[in-house]
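Single-structure report; data block below.
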Amino acid sequence: MMKISSKLLSIIRQNKSFLIVCHINPEGDAIGSILALAYGLKILGKKDVCVLSRDGVPETLKFLPSSKTIKQTPPKKVFDVLCIVDCNTLERTGFKDLKARNTIIIDHHILPDDADKSELYRKLSASVIDPEAAAAGMLIYRLLTSLKIPIDKNIATNLYTALLVDTGGFHYSNVSPESLAIASHLVEAGARPWDITKELYESVPLKRMELLGLSLSTLDSKDRIAWIITTMDMLKKTGTTAEDTEDFVEFPRKIKEIEAAVFLREDNIDLFKISLRSKGRVNVEKVAKSFGGGGHAAAAGCRIKGTLQEVQNKVFKAIRKELRIK
Ligand code: 5GP
Ligand code: MN
């Protein structure tokens, strides 16, 4: 894994106030990483640390130590350092103008093609952007240990959650000796795997299961692509929200012989959130990028306007192109 630059370390050591922000619709890696970084900075003696998530904290992550400290709007002041975590554009944070004297990015997503043209990159003071890292939490771990910050139980719980979520419970192709070694250290440092698993995966509200049932009834497949759909009507019927669909894309992926899984969520009339997963042959990041989204080769997402039929046609065509099926 990438080394943390001495420039990044000195920016952290030398400054006093920090604004830490993650991406919209945050999951365990985003929330766990920003909370762990905030804990680390407090241990370093930084008193002015603000943790920000535009969409707050999903219900399933409220057990994380200090999750209550997360703010949804930034304070009106200029911080010394803005830390953008688990994403690499301002757009993904959901905030237009977050101002700070220094900006750093700690992320594991592939950079957009036009990154070098954007103002954010020109202003960047330092960064660690490592698409090889299984989770942003791995990079936070590396940063904290490089700063000689001891990993306590609170940091360990947040970072273990980050790793667990972004490796799909240590299932995915991004699991490596290093991610397992870090997980092992986090457990030694006080993270409790079963307690965390129970909170994340064994506390599903009944209405969410009902939503899954409705969504799974749309399951279909063609050309080694399998998909399921959640409509606004299904959310309404079950009293659930978009947040409740977090892992739905995992279900079509389980099917034997498929190469790509697609989850289509109707977020508004003629607007769909698309989640893409690959078993290895298709680079779904390329597919998502062609629609203005992004992510990783095996897991990516985007938003597309159009009717369900139009959106499906566009997405499936782009995947078939990657799979070289005409
Ligand atoms: P999910 O499908 O679970 O929302 O996201 C899968 C991966 O793609 C995550 O790493 C997430 O950060 C990224 N991703 C999802 N939606 C978008 C999007 O609209 N834009 C970008 N750049 N990345 C996305
Ligand atoms: Mn992540």
Side-chain angles (χ1 to χ4, degrees), residues 20-35 37 51-64 67 70-74 83-96 98 105-110 112 135-137 158 161-168 199-201 203-205 207-208 211-212 215 228-232 234-236 238 240-251 253 261-268 271-277 284-285 287-289 291-296 298-305 311 315:
I20 306 171
V21 65
C22 65
H23 56 80
I24 52 175
N25 305 317
E27 17 62 336
D29 187 29
I31 300 292
S33 292
I34 59 176
L35 289 172
L37 177 57
V51 199
L52 189 62
S53 158
R54 191 201 70 177
D55 297 335
V57 180
E59 222 28 67
T60 50
L61 294 172
K62 289 196 171 146
F63 75 97
L64 285 174
S67 70
I70 292 184
K71 299 204 163 41
Q72 286 188 256
T73 46
C83 311
I84 299 176
V85 177
D86 200 29
C87 59
N88 55 46
T89 60
L90 262 188
E91 192 197 344
R92 286 280 294 153
T93 68
F95 297 102
K96 283 221 168 60
L98 293 173
I105 294 179
I106 303 166
D107 186 33
H108 67 132
H109 294 91
I110 299 163
N158 277 300
T161 300
L163 260 73
L164 190 69
V165 168
D166 263 24
T167 57
E199 295 283 357
L200 287 177
Y201 304 117
S203 308
V204 180
K207 58 184 182 179
R208 190 169 167 191
L211 178 68
L212 178 62
S215 306
I228 66 169
I229 303 157
T230 297
T231 62
M232 289 196 289
M234 292 176 191
L235 296 177
K236 203 169 144 198
T238 51
T240 50
T241 63
E243 208 180 87
D244 290 301
T245 65
E246 156 93 27
D247 61 344
F248 282 15
V249 69
E250 307 299 331
F251 292 90
R253 178 163 62 186
V262 182
F263 171 57
L264 302 107
R265 189 181 72 208
E266 185 190 23
D267 275 359
N268 216 322
L271 176 67
F272 288 83
K273 153 81 210 237
I274 311 296
S275 291
L276 302 164
R277 298 292 184 272
V284 290
E285 189 267 340
V287 176
K289 196 156 69 182
F291 298 109
H296 315 272
C302 57
R303 282 175 176 73
I304 307 181
K305 286 185 184 150
V311 171
V315 174

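Basis for what follows: all heavy atoms, side chains included, without hydrogens, waters or symmetry-related copies. Bear in mind the structure is a predicted one, so any value in this text is a computation, not a measurement.
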Minimal non-hydrogen separation, [X] against [Y], with atom names:
X	Y	result
Gly137	Ala162	CA-CB, 4.0 Å
Glu285	His296	CB-O, 3.2 Å
Lys96	Leu90	O-CD1, 3.4 Å
Pro26	Pro58	O-CG, 3.3 Å
Gly32	Asn158	O-CB, 3.3 Å

(request) From the options Asp107, Val85, Thr161, Leu163, select the one residue that forms a side chain to side chain contact (heavy atoms under 4.5 Å, CB included) with Ser33. (result) Val85

(message) Given Leu35, which partner from the list Ile70, Ile20, Leu61 fulfils the side chain to side chain contact (heavy atoms under 4.5 Å, CB included) test?
(response) Ile70

(request) Quick one: do Val262 and Val284 satisfy side-chain contact (heavy atoms from CB on, under 4.5 Å)? Show the steps, please. (result) CA-CA 10 Å; Val262 182; Val284 290; over 6 Å; no

Less than 4.5 Å apart, any side-chain heavy atom of [X] and any of [Y]?
X	Y	answer
Ile84	Ile106	no
Glu243	Glu59	yes
Leu52	Leu98	yes
Phe95	Val21	yes
Asp166	Glu27	yes
Asp86	His108	yes
Cys22	Val51	no

(request) Could you tell me whether Lys62 atom NZ has more than 12 heavy atoms of other residues or ligands within 6.0 Å of it? (result) yes

(request) Tell me, yes or no, whether the heavy-atom count around Glu91 atom CD, taken from other residues, nucleotides or ligands under 6.0 Å, exceeds 12. (result) no

What distance do [X] atom [atom1] and [Y] atom [atom2] have between them, rounded to the nearest 0.5 Å?
X	Y	atom1	atom2	value
Thr238	Lys207	OG1	NZ	8.0 Å
Phe248	Ile229	CZ	CD1	13.0 Å
Leu235	Thr245	CG	OG1	7.5 Å
Ser203	Phe63	OG	CZ	9.0 Å
Lys273	Asn25	NZ	CG	6.5 Å
Asp244	Leu211	CG	CG	6.5 Å

(message) Given 3.5 Å as the limit, does a donor-acceptor pair link the side chain of Asp29 with the main chain of Ala135, or not?
(response) no

(message) Could you walk me through whether Asn88 and His109 satisfy the side-chain hydrogen bond (donor to acceptor under 3.5 Å, both in side chains) test, starting with their C-alpha distance in whole Å, then the side-chain angles of each, then the deciding distance to 0.1 Å, before giving a yes or no?
(response) CA-CA 7 Å; Asn88 55 46; His109 294 91; 5.2 Å; no

(message) Before you tell me yes or no, could you show the steps for Val249 and Leu276 under side-chain contact (heavy atoms from CB on, under 4.5 Å), namely the whole-Å CA-CA distance, both residues' side-chain angles and the distance that decides it to 0.1 Å?
(response) CA-CA 7 Å; Val249 69; Leu276 302 164; over 6 Å; no

(message) Could you tell me if Thr230 and Ser215 have a donor-acceptor pair between their side chains, going purely by distance under 3.5 Å?
(response) yes

(request) Answer yes if the side chains of His23 and Asp55 hold a donor-acceptor pair under 3.5 Å, and no otherwise. (result) no

(request) Determine, step by step, whether Ile24 and Arg92 satisfy the side-chain contact (heavy atoms from CB on, under 4.5 Å) criterion, reporting the C-alpha distance in whole Å, the side-chain angles of both residues, the deciding distance to 0.1 Å, and the verdict. (result) CA-CA 6 Å; Ile24 52 175; Arg92 286 280 294 153; 4.1 Å; yes

(message) Under 4.0 Å between a side-chain nitrogen and a carboxylate oxygen: does that hold for Asp247 and Arg208?
(response) yes

(request) With side-chain contact (heavy atoms from CB on, under 4.5 Å) as the test, would you mind laying out the steps for Arg303 and Phe272 before giving the verdict? (result) CA-CA 6 Å; Arg303 282 175 176 73; Phe272 288 83; over 6 Å; no

